[in-house]
Structures are given as C-alpha cells and as structure tokens.
J.: 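One structure coming up, written as structure tokens, with questions to follow.
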Amino acid sequence: LTARQPPRRADFPADFAFGTATAAFQVEGAVTEDGRGVSIWDTFSHTPGRIADASNADVTCDHYHRWESDLDLMQGLGVNAYRFSVAWPRVQPFGSGAVNPAGLDFYERLVDGMLARGIRPYLTLYHWDLPQPLQDAGGWANRDTADRFAEYASVVAGRLGSRVASYATLNEPWCSSILSYQIGEHAPGLQDRRAALSAAHHLLLGHGQAMSALRGLNLTSQLGTVLNFTAVSPATQAPEDVAAARILDGTFNRWFIEPLLTGAYPRDVWGHYGPDVPEVHPGDLELISQPLDYLGVNYYTRNVVTAAGEQPTPGAEYTEMGWEVYPQGLTNLLTRFKRDYPLPPVYVTENGSAFVDIVEGGQIHDPRRTAYLQSHLNAVHAAMQAGVDVRGYFLWSFMDNFEWAHGYTKRFGLLYTDYKTQARTWKDSGLWFQSFLNQPVLP
Ligand code: PNW
C-alpha cells in the first residue's frame, strides 16, 4: 500500500471506531450559563497578550446551544463515534464539593443524542479547563488536585454510567504540565520547570486515582487515557544530535508513557531533570500503572533536532501550525510502542491539520487537509498490518474552533465555521471523509 493511494474503508474492521474529536472549551461557549464556574482558560484567555488574536471562547462555536444540529451533521458524515470532553466547571463550579445538576444534564442530553444517532460516546474528563478555585490553591502543582479530580470523575461517571463507550481520564498531560507550567504558552501560563514536573506527576496520579474510582463503579465502559506524542529524529548521526533527540523523545514521549505502561519514570530523563524531579510517594507508581483498557494516541507531527535546537526538514510540507507533515512517524511510534512496552489496544484519539481554506462560492477547498487525512489513515493501516492493535481513529477536528493560544487563527475542522453567522459548511476534506465512511465494509 503506497502513501499515494487513498485508503479504503474495507482496509479497517467493520467495528473500527471512526470519529471526529473536539474539546468542551474549544467549542461550547455559553461560559456563564446554567451555573458553570470559571476555568483557568476563561481567566487566561481574558488576560491581555495571551491569545494571538486577542479573542476568547465566550461564544466560540456556540455548541452548547447548537449541539443537536451539530450531532445531526455528525450523523450525516457517517461516523460511528465522537470524542468530546466534559467541562469540569459545569459539573463542579468550584472544583470540589457542590455538584451542579444542570451541568450534568447537558452532557446527559449530549450522550443520549449520540446514542439516538448511532454514535458511540468517547468522553474525555479533563481537556484542560481546570476550575479556577483549584488553580488558586496551586492547580496541578498541588497534590490535592489529584484527589479532587478523582471525585469529579466519580460524579460524571455516576450520572452517565455505561452509556459512555469510553472514558479517558486526561487529554495530553504533557500539554497541561510542560506547555502550561514550564513553557507558559497554555493556562496558567507559568515558567517554572520544577512546578511543571510536579504538575505532570499529579496529573498522572489523578489519572490513577480516577481509574481506581471508575473501576469501582463496575461499568461496561472502556477506561483509559490520552497522551500526545511527537516523532523525533536527529538531524544528523552526530552524537550530540542523537543525544538531543533522545532527550526530546524522553521529555515529550517516554516521561508520560513509561510510568503508565511500565510503572517507572525513564532513568535518563530523571537524571537530565536533576533537582527539578517530582516528589514521588510510595504507591504512586502502582496507582499510575494500573491496567488500561486502551491507550489514546494523539499524533500530529515530528521534530527534527540538533544539539542547537529544532531544524526544518528541507523539502518537507508544513501546516499552518508550523508542524511537519510526516505520516510515517505515526506508524513508527505505534510499532515501537508495541515492541518496547506491554501495549494495550490503541485508539488514535487525535490527528489532523490546520491549513488555509479556499472559500469559493458555497464550496470550501482544502486539498492539503484531505491529503493529510488520507496519508495518516494509510499510516494507521500500516501499523495495523505490522501487528499493532488499533481500534479507532478520531480526526481533529469536527469543526473549526478556538485553537487555544492561537485563538481563531488556525482552522482544523472538517466543517468550516463562520463565526459571524455560526453557519457550518462541509469542506472538501469532510466530503471526502464522508465518501470514505460510506464505502462498503467487509463482513
Ligand atoms: C492538541 N504542542 O493540542 C489538543 O488536544 C487539541 O485541543 C488541539 O486543538 C490540537 O492538539 C491542535 O493543536 C496540542 O505544542 C497543542 O506540541 C500543542 C501541542 C500539542 C498538542
């Protein structure tokens, strides 16, 4: 199968989960309605200088009001699954204690709406919108936040139960620790590596505690978590470039997957971090490494590194995010994980691209997004042929939405969002995905 041949639906099992993905803060809007509390992303996006176009997500796609017609569009696309997230401050406005029933009501309607349309709900509990009162107490750098998270997880699963096909505890703990507490590009916008590593450990601990709490509910739902990975290549075989690549792979990929799947932090990275390593209590790694029903893998790009930093690849294609298009990296990562770890079944829980859309009359032309989607579906198929147990693929994203620190300047959707009218229009990529999903499956 060459990368230039479009993938076929029949290359994947009949029950393979095909879906799109979104996150609550990026699509919902309605930030002050029905008792929702304030999240760190409300605070951050209203802080001057934090968002590229000085926008916020107070309205964004208005999905909170338009969820029914959005689910109709999704059903028309032909997907059998949808990955979405629950906004913690809708459920617990203060992050602990008092539960807001109206918040749970919204997600119950959404989940039932999916089931009525033949769409399996893949729910993420934490996609970055921490209740602000918990941040005021230190956020993820405070170990108590892990306990709060497990309580919140129990509240959500207590209401929605086994109607949800899959619960993911966290989305991308690298982003909610390193990108948020060390690099400072995401909320809360700190630059403190020690705090970042403490946050990373408490996120993993929160995952473990939430897993224990959800296991106790005896649901039929699949329980797992979602990590983001980058494919890392040294620019040359010079020892200093190879060492730099090993550290980036270590801090970005292995620091998160190894505690989960092997019960230990990677030794070389632990040494690299020196005095900034987190405080690990006895029993933490046992909680963190309890069995997962699946691992969610988010993949967008690779990084080519030298000892002096990152370097562009001559002749390669880049997206509007400045991310190299490198589908082989997805196959490589999946086959490597299968080789190196006891790997549970995998879902590709995010993969997608930001490109400039060409709006022409009623049509939206985005040939590069279609090519990206096709080449990455082929990359998933190649990993499956190499023996990796991949159970599903979710395209980021269902519709253009609030792209965090980039505001509305980057469009990842299969649907074009007109933020003035809230009209959604299928892009050519969405129409291609629909034709793919409607191809016959093998029995
Ligand atoms: C992911 N990085 O974010 C998120 O899960 C989505 O909410 C987001 O919209 C999507 O990817 C596209 O960006 C990331 O800097 C943000 O490496 C930044 C990075 C990785 C993932």
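Ligands are counted one by one from 1 in listed order, and the atoms in each one are counted from 1 as well. In what follows, every heavy atom counts, from backbone to side chain, and hydrogens, waters and symmetry copies are set aside.
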J.: Testing the basics here: between P121 and F84, what is the closest heavy-atom pair and its distance to 0.1 Å?
T.: CB-CE2, 4.0 Å

J.: For F394, check ring-ring contact (aromatic ring centres under 6.0 Å, His included) against everything at least two apart and list the hits.
T.: Y122

J.: Tell me whether R9 forms a cation-pi arrangement with F18, defined as NZ or CZ under 6.0 Å from the six-membered ring centre and within 45 degrees of its axis.
T.: no

J.: Please name all residues satisfying side chain to side chain contact (heavy atoms under 4.5 Å, CB included) with P312, sequence neighbours left out, ordered by chain then number.
T.: Y318

J.: What are the polar N/O contacts of ligand 1 with the protein below 3.5 Å, with distances?
T.:
from: ligand 1; atom 1: 3 (O); to: E172; atom 2: OE1; distance (Å): 3.3
from: ligand 1; atom 1: 5 (O); to: H127; atom 2: NE2; distance (Å): 3.3
from: ligand 1; atom 1: 5 (O); to: N171; atom 2: ND2; distance (Å): 3.0
from: ligand 1; atom 1: 5 (O); to: E172; atom 2: OE1; distance (Å): 3.3
from: ligand 1; atom 1: 5 (O); to: E172; atom 2: OE2; distance (Å): 3.3
from: ligand 1; atom 1: 5 (O); to: E350; atom 2: OE1; distance (Å): 3.0
from: ligand 1; atom 1: 5 (O); to: E350; atom 2: OE2; distance (Å): 2.8
from: ligand 1; atom 1: 7 (O); to: Q26; atom 2: OE1; distance (Å): 2.8
from: ligand 1; atom 1: 7 (O); to: H127; atom 2: NE2; distance (Å): 2.9
from: ligand 1; atom 1: 7 (O); to: W404; atom 2: NE1; distance (Å): 2.8
from: ligand 1; atom 1: 9 (O); to: Q26; atom 2: NE2; distance (Å): 3.0
from: ligand 1; atom 1: 9 (O); to: W396; atom 2: NE1; distance (Å): 3.3
from: ligand 1; atom 1: 9 (O); to: E403; atom 2: OE1; distance (Å): 2.7
from: ligand 1; atom 1: 11 (O); to: Y300; atom 2: OH; distance (Å): 3.3
from: ligand 1; atom 1: 11 (O); to: E350; atom 2: OE1; distance (Å): 3.3
from: ligand 1; atom 1: 13 (O); to: E403; atom 2: OE2; distance (Å): 2.7

J.: Who are the side-chain hydrogen bond (donor to acceptor under 3.5 Å, both in side chains) partners of S212, not counting sequence neighbours?
T.: Q290

J.: Assess the side chains of N171 and Y126: does a donor N or O sit below 3.5 Å from an acceptor N or O?
T.: no

